[in-house]
Amino acid sequence: DEENAEEEKEEEDILEVVSLLLQSPNPQVRTYANGTLYSLLQRETIRESARALGFEDLLADLAAHSDPVFVRQLTYIIALLASDGPG
């Protein structure tokens, strides 16, 4: 219905902003965005939206070009994204 479509659009908008922040050259911004994405991915609907938007590929690409600390953070997020939920 229309309400679900609006919620889905809002989730996609939020994920788009987070994806841009994850690509920031500033490590503090990337760490903040990573924490935000971790929190967002606790919701199943947002995990589904992130998968649909290709976040698995985005995160893998970022990990291939990042420092070891950020790679560890991204690896955890990739695993959360691939899971059925937190925990």
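Heads up: numbering here begins at 1 and tracks the sequence. Heavy-atom basis, side chains included; hydrogens, waters and symmetry copies ignored.
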What is the minimum heavy-atom distance between [X] and [Y], and which atoms define it?
X     : Y     : answer
Ala63 : Leu74 : N-CD1, 3.5 Å
Gln42 : Arg47 : O-NH1, 3.3 Å
Ala60 : Ile78 : N-CD1, 3.9 Å
Leu58 : Gln23 : CD1-NE2, 3.7 Å
Gln28 : Asn26 : N-OD1, 2.8 Å

Determine, stepwise, if the pair Gln73 / Ile77 fulfils side chain to side chain contact (heavy atoms under 4.5 Å, CB included). CA-CA 6 Å; Gln73 293 173 355; Ile77 294 298; 5.7 Å; no
Arg51 and Glu11 ion-paired at < 4.0 Å: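 No salt bridge links Arg51 with Glu11.
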Roughly how far, to the nearest 0.5 Å, is the [atom2] atom of [Y] from the [atom1] atom of [X]?
X     : Y     : atom1 : atom2 : value
Leu59 : Leu81 : CG    : CG    : 6.5 Å
Glu10 : Ser49 : CD    : OG    : 11.0 Å
Glu6  : Lys9  : CD    : NZ    : 11.0 Å

Please list all pairs passing the salt bridge (charged side-chain N to carboxylate O under 4.0 Å, His left out) test where one or both residues lie in [range], with sequence neighbours left out.
range          : result
residues 73-82 : none
residues 14-35 : Arg30-Asp67
residues 54-65 : none

Thr36: which residues meet the side-chain contact (heavy atoms from CB on, under 4.5 Å) condition with it, sequence neighbours left out?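 Result, side-chain contact (heavy atoms from CB on, under 4.5 Å) vs Thr36: Val18, Tyr32, Leu40.
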The criterion is side-chain contact (heavy atoms from CB on, under 4.5 Å); which residues satisfy it with Leu53, sequence neighbours excluded?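 side-chain contact (heavy atoms from CB on, under 4.5 Å) list for Leu53, sorted by chain: Glu12, Leu15, Phe55.
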Mark yes or no for whether Ser24, through its side chain, and Leu20, through its backbone, hold a donor-acceptor pair below 3.5 Å.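 No; zero donor-acceptor contacts below 3.5 Å.
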Hydrophobic cluster of Val29, others only, ordered by chain and residue number, side-chain cut-off 4.5 Å: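 Same cluster as Val29: Val17, Leu21.
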Kindly indicate, with the supporting measurements, whether the criterion side chain to side chain contact (heavy atoms under 4.5 Å, CB included) is fulfilled by Glu8 and Asn4. CA-CA 6 Å; Glu8 190 173 305; Asn4 284 343; over 6 Å; no
Could you tell me if the side chain of Asp84 sits less than 4.5 Å from the side chain of Glu44, heavy atoms only?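 No - every pair of side-chain heavy atoms lies 4.5 Å or more apart.
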Same cluster for Tyr76 and Leu62 if Ile/Leu/Val/Met/Phe/Trp/Tyr side chains link at under 4.5 Å?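 Tyr76 clusters together with Leu62.
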